[in-house]
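Note that this is a predicted model, so its numbers are computed, not measured. All ligand and atom numbering here is 1-based and tracks the order in the structure.
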Amino acid sequence: MWRRVASVSHLTFAHNSTVNKNACTFKCWEAFTTEIPRKEKTTYQTAKTPFITFVLGGPGSGKGTQCMKIVENFGFTHLSAGDLLRREIASNSADGIMILNTIKEGKIVPSELTIKLIQKEMESSDNYKFLIDGFPRSEDNRKAFEQIFGAEPDNVLFFDCPEDEMVKRVLNRNQGRVDDNIDTIKKRLKVFTALNLPVVNYYLEKGKLYKINGVGTVDEIYKQVHPVFSTFNFEKCCVD
Ligand SMILES: Nc1ncnc2c1ncn2[C@@H]1O[C@H](COP(=O)(O)OP(=O)(O)OP(=O)(O)O)[C@@H](O)[C@H]1O
Ligand SMILES: O=c1ccn([C@@H]2O[C@H](COP(=O)(O)O)[C@@H](O)[C@H]2O)c(=O)[nH]1
Ligand SMILES: [Mg+2]
């Protein structure tokens, strides 16, 4: 039932989220009803089961903004795929030029490359709760992730936001991003509809999707997000 993924050696993956949740629930029960011998506690803390949330939504739908609040409240590690790719460009890596041109065109970087960057971050983290923001962007991304990690996300957030609101936010962002201009935004929106929405629908059908109304103030939107995570009782059962 349990499978260790060699390349993410400090994390133990479950094949499905039910097994994952049951393991977590069981540990909670154990923590509150028994004296836990030191050895057992250590075993649990070293064989961590990762909790993976994919954070999806169109450009400017507020993924990064809401992820910051989830990090503050629940101690997740935030991995923005777009940020990891921009960091690759800034480091002048061999793939930098190709990534830059892809981002300028609003297209999607090859799955293996993005997954390699995500995987590296997960491996070097002591945490086991990960928000993977802006990934998977396509069915190809999704299938490649599942194949390489041998795991599915535990849950998926989808920030649903009208296009005119997303365009307005992106054009006001002022972070100097090469893709925050009206021509690239139009391309990103097309790619989002054609390639990312099928991923959203896939997780909807699997019962893993939490659709969040992305319109409103940051705090109003976060009020919908918080209950998704508070049900897991991370603070109590998942001691770092
Ligand atoms: N609820 C909100 N109301 C108004 N502005 C917002 C809201 N949430 C975020 N913003 C602003 O909109 C811009 C885009 O937000 P954010 O970067 O979080 O979106 P994103 O989904 O991560 O976008 P991208 O996919 O382009 O990275 C930012 O300038 C942010 O401050
Ligand atoms: O998995 C991914 C994530 C991102 N990209 C490319 O980066 C830009 C910007 O991404 P944001 O999530 O908006 O920061 C995106 O338009 C893609 O070109 C990617 O290829 N794969
Ligand atoms: Mg973002």
Contact (N/O only, under 3.5 Å) between [X] and ligand 1:
X      : result
Gly214 : no
Arg177 : yes
Gly216 : yes

Does ligand 2 come near enough to Leu85 that some N or O of the ligand is less than 3.5 Å from an N or O of the residue?
no

side-chain hydrogen bond (donor to acceptor under 3.5 Å, both in side chains) between His78 and Asp133, intermediate numbers included:
CA-CA 7 Å; His78 175 206; Asp133 162 5; 2.8 Å; yes

Are the side chains of Asp179 and Ile185 in touch, meaning some heavy atoms are under 4.5 Å apart?
no

Contact check, side chains of Leu131 and Phe229, non-hydrogen atoms, under 4.5 Å
yes

Could you tell me whether Glu139 and Arg142 make a salt bridge, using a distance below 4.0 angstrom between a side-chain N and a carboxylate O?
yes

Ile221 contact mode with ligand 1 (heavy-atom cut-off under 4.0 Å):
side chain

For ligand 1, indicate whether the residue Arg188 contacts it via side chain, backbone, both or neither (heavy-atom separation under 4.0 Å).
side chain

Heavy atom to atom 31 (O) of ligand 1, shortest distance: which of Thr65, Asn172, Val55 holds it?
Thr65

Pull out every atom of ligand 1 sitting under 4.0 Å from any heavy atom of Gly58, numbered as shown with elements.
21 (O)

Nearest-neighbour protein heavy atom for atom 15 (C) of ligand 2, which is reported as residue plus atom name and distance:
Arg137 NH2, 3.6 Å

Can you tell me if Gly82 contacts ligand 1 (heavy atom of the residue under 4.0 Å from the ligand)?
no

